[in-house]
Amino acid sequence: MLGDVFQEGHPETPAQPPAAGPGAPTEPGADRVERLLAGLNGPQREAVEHGEGPLLVLAGAGSGKTRVLTHRIAYLLATGAARPGEILAITFTNKAAAEMRERVGQLVGRSVRAMWVTTFHSACARMLRVDAERLGYSKSFTIYDQADSLRMLKRCLGELGVDPKRFPPRAVQAKISGAKNQLIDSDSYNESAFGEFEETVAEAFPLYEKRMREANAMDFDDLLVRTVNVVELFEDVRERWRRTFRHVLVDEYQDTNHAQYRLLQLLAGEHKNLMVVGDDSQSIYGFRHADVRNILDFEKDFDDVEIVKLEQNYRSTQTILSAANAVIERNREGLKKELWSEGDEGAPVQLNELTDEHEEARWVAGEIERLEQEESVSRSEVAVFYRTNAMSRVLEDTLQRFDVSYQVIGGTKFYERAEVKDAIAYLSLLANPADLVSFGRVVNSPRRGIGNTTQGRIASHVNTTGMPVWEVIERVEEVPGLSGAAIKAVSRFYETMAGLRERAEAEGPVATLLEAVLHESGYLDALAAERTVEAEGRGENLETLIGGAAEFDVEREREREGESEVSPLEEYLQQISLYTEQDGLASESELVTLMTLHNAKGLEYDTVFVVGCEEGAFPHMRALEEGGEEEERRLCYVGITRARKRLYMTWARERRLFGRAERNLPSRFVDELPHELTERHSAAARSLGTSWSNSVASEVTPAQSVDPGPALELQTGDDVVHASFGDGVVTAVEPGGVVVVRFSGDGSERKLMADYAPIRKR
DNA sequence: TCTTCGCGGTATGGC
DNA sequence: ACCGCGAAGA
């Protein structure tokens with residue numbers, strides 16, 4: 001669904017797997033049920049066949065949990081226990097939702113269309129489109145992402161005269177978000193606020209809520225909290241959704257927070273048809289207030305819970321599983337589970353020490369090339385995981401230089417680019433005339449001579465009168481203190497927008513509207529006038545955006561034959577505001593996949609590299625400070641268990657952070673791996689000539705043969721390739737790792753740091 | 001009002 | 001190493 005906007009076409013799913021056949025609907029139920037159960041192991045079958053009432057499936061990594069969920073849904077349909085429209089299946093990420101939808105579709109065909117298979121946030125947004133008016137929002141409320149919400153909060157803090165140096169807006173935002181996820185409102189927060197900082201938060205909290213409501217906007221937390229509010233406050237709403245969702249299924253239950261838990265209780269507390277699937281060992285979202293206790297206490301929270309444990313792993317080699325088990329065993333908290341497999345022993349875990357992040361990246365790139373050439377490993381079956389997004393940059397640079405094409409999941413997202421946010425903000429303002437943050441974003445972009453002063457006066461007029469910003473600019477002459485020039489500029493802006501608004505209200509295709517917006521606002525003209533490569537790139541991004549909108553239009557036409565309660569524009573905005581780039585770029589193409597460990601959950605690859613395994617980086621220092629060692633270890637467990645056949649863990653002795661070189665020890669998690677499962681290599685020891693570690697098996701460094709290796713090895717006469725200067729030849733090697741290279745392109749001779757310059761041997 | 005420059009904070013993770 | 005913001009200049 002969401003994900004489809006940018007996914008390759010629509011693989012118009014033939015939707016009928018061999019099992020169900022075209023005759024499925026008329027096939028006797030018993031047969032269909034038998035086919036659904038065939039191929040499931042004992043515990044899996046038990047979970048699928050579960051009758052009414054709460055069910056907890058403790059599913060170890062790779063134990064076929066999605067299979068159980070999808071088959072359970074199909075089973076409910078096949079046995080007549082539920083109709084498609086009565087199913088609510090919740091996951092945490094859009095990617096997981098898209099996959100689940102696809103796989104359910106393969107089992108049950110087009111009836112998947114009537115089901116709600118989505119994320120918590122999407123489900124809530126959808127429910128709120130129906131009922132938000134009960135809480136004083138209009139249906140067309142805007143969803144603010146973290147950046148938008150921060151802008152709003154900064155505005156509020158400014159209004160209160162809070163010094164941002166003493167009370168960083170981000171910290172205030174985190175506090176408010178934390179409170180909301182605990183379902184603590186601003187009044188109760190105020191009562192328990194302690195100390196200067198919390199008292200400041202207690203002051204900002206209600207104002208922020210007020211301004212958000214005036215802007216008819218919700219942040220991500222609001223989506224959950226407001227849904228809980230509306231379901232809790234209004235009996236008819238509660239009854240409606242309870243009747244609608246007679247079966248609720250939740251994936252990754254270990255990652256639910258209190259608000260989500262409460263919502264599930266409200267929706268499923270009565271009929272109790274709640275199936276939750278999860279693995280406490282993979283609980284890695286404490287930072288966004290997920291509470292492992294939810295899964296640990298599920299048995300106590302509901303009566304007559306059936307528990308099924310899935311421990312047989314169908315994914316990884318025994319070596320990888322043993323490594324995972326060894327790591328997770330160190331945690332004190334958690335339910336005992338032991339993964340086992342009928343599969344092969346497999347290759348040992350490869351541990352590699354490198355001198356710095358550049359060498360690490362080169363090593364990974366070289367090893368990917370070697371695997372491809374010597375073991376015919378497809379690049380699409382290779383993934384590189386890192387702890388923080390910042391680590392992707394060096395990897396990206398290096399892979400590019402090695403001509404290894406890759407895709408990055410997450411990270412700087414398409415929808416977070418300035419030009420894309422601008423375009424969306426125009427649309428948001430058209431859909432929601434009170435959207436002050438979007439107004440602030442677009443009113444002077446492109447430049448219209450409406451600067452900070454004018455904007456500030458408009459904003460405070462909005463605050464004092466409580467009128468939507470749209471109405472304020474419609475009657476801009478009433479805003480106190482504005483110069484004649486400012487009034488004129490704002491009026492012109494208003495006229496343009498009013499024309500666009502009429503088009504929006506005609507409810508035509510979103511793509512057409514978006515194009516009109518970009519043209520008539522002068523946005524494209526301003527871009528064109530820049531005449532820079534960057535501006536060109538931004539133009540291309542906007543074209544991509546329009547293309548995506550066009551796909552949305554087609555999809556909407558086809559999927560929902562006009563039975564939607566909201567306008568196409570509103571629906572589009574909702575979709576993309578919850579969309580994060582999972583890059584449908586397709587797994588068929590030969591791309592190596594890069595992502596954070598958090599993003600990796602739920603995925604699997606033949607070959608996995610976990611880079612940056614250093615104390616301080618992973619486990620991350622900030623996480624350790626917050627007492628999150630166990631969560632970091634679970635994150636490591638998640639990373640390890642993604643690998644089917646080959647697992648590499650690498651670390652760099654030195655890594656640049658904020659431009660400063662930091663020396664680090666290998667991650668404690670590396671040391672927690674039993675020696676008999678690993679093979680340890682060190683390129684660092686060799687190139688530096690010294691080693692801090694005796695455990696380095698220096699005779700086992702076969703990977704070096706294809707690694708372009710530490711550039712220190714360059715000799716006069718070597719042919720090299722530089723990322724930007726192209727081909728060249730080494731004319732001299734100087735002490736301190738400096739090489740002199742003459743480039744054939746322009747004949748220039750340059751001194752380069754062999755270790756850091758983007759060069760490699762030919 | 002807009003643009004440029006320089007400083008300082010930043011980069012744990014995501015819906 | 002990069003981005004955003006404020007101050008100062010145009």
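From a predicted model like this one, the values you see are computed outputs, not experimental measurements. In what follows, chains are A, B, ... by sequence order, proteins preceding strands, each numbered from 1.
Nearest to the side-chain atoms of A:Leu657 among the listed nucleotides B:dA11, B:dC15, B:dG13 stands B:dA11. Side-chain proximity of A:Thr388 to the nucleotides B:dC2, B:dG13, B:dA11 is greatest for B:dG13. Checking B:dG14, B:dC2, B:dT12 against every side-chain atom of A:Glu632, the shortest atom distance belongs to B:dT12. Checked against B:dC15, B:dT12, B:dG14, the side chain of A:Asn389 finds its nearest nucleotide in B:dG14. Side chain of A:Arg387, nearest nucleotide from B:dC15, B:dT12, B:dT1: B:dT12. The side chain of A:Asn599 sits closest to B:dG14 out of B:dT1, B:dG14, B:dT12. Of all nucleotides listed (B:dC2, B:dT1, B:dA11), B:dC2 comes nearest to the side chain of A:Arg447. Considering only the side chain of A:Thr119, B:dC15 comes nearest among B:dC15, C:dC2, B:dT12. The nucleotide whose nearest atom lies closest to any side-chain atom of A:Arg170 is, among B:dG13, B:dA11, B:dT1, B:dA11.
Comparing A:Arg622 and A:Gly451 by the nucleotide of DNA chain B that holds the closest heavy atom to each, the one mapping nearer the 5' end is A:Gly451. Summary of the strand contacts: A:Thr454 and A:Ala623 both lie near DNA chain B, and taking for each the nucleotide with the nearest heavy atom, the more 5' one is attributed to A:Thr454.
Rounded to whole Å, the distance from CD on A:Gln173 to P on B:dT10 is 13 Å. The nearest whole Å value for the distance from the CG atom in A:Asp356 to the P atom in C:dA1 is 13 Å. Rounded to an integer number of Å, the gap from A:Gln260 CD to B:dG14 C1' is 12 Å. What separates CD of A:Glu630 from C1' of B:dT12 is a distance of 18 Å, to the nearest Å. Rounded to an integer number of Å, the gap from CG of A:Asp219 to P of B:dC15 is 15 Å. Residue A:Arg655 contributes atom CZ, which lies 14 Å from atom P of B:dT12 at whole-angstrom precision. Here B:dA11 presents its P atom at 19 Å from CD of A:Glu614, a figure rounded to the nearest Å. Rounded to whole Å, atom C1' of B:dC15 lies 17 Å from atom CE of A:Met595.
Residue A:Asn94 places none of its side-chain N or O atoms closer than 4.0 Å to OP1 or OP2 of B:dG14. Side-chain N/O atoms of A:Thr596 include none lying less than 4.0 angstrom from OP1 or OP2 on B:dT12.
At the heavy-atom level, A:Phe92 lies under 4.0 Å from the strands shown only through sugar-phosphate atoms. Within the nucleic acid shown, A:Asn444 comes within 4.0 Å of sugar-phosphate atoms alone, with no base atom in reach, counting heavy atoms only. Across all strands, A:Lys154 comes closer than 4.0 Å only to sugar-phosphate atoms, never to a base (heavy-atom distances). A:Tyr285 comes within contact range of the sugar-phosphate backbone alone, with a heavy-atom separation under 4.0 Å but no base atom that close.
Judged by the 6.0 Å distance and 45° axis criteria, A:Arg642 is not positioned over the aromatic ring of A:Tyr637.
Between A:Arg655 and the choices A:His358, A:Glu662, A:Glu357, A:Glu614, the side-chain hydrogen bond (donor to acceptor under 3.5 Å, both in side chains) rule is met once, by A:Glu614.
Taking the charged nitrogens against the carboxylate oxygens, A:Arg634 and A:Asp280 have no contact shorter than 4.0 Å, which rules out a salt bridge. Note on A:Arg668 versus A:Glu615: salt bridge recorded, some NZ/NE/NH1/NH2 to OD/OE distance being below 4.0 Å. Using a cutoff of 4.0 Å between basic side-chain nitrogens and carboxylate oxygens, A:Glu252 and A:Lys601 are scored as salt-bridged. The existence of a salt bridge linking A:Lys65 and A:Asp279 is excluded, since no basic side-chain nitrogen approaches an acidic carboxylate oxygen closer than 4.0 Å.
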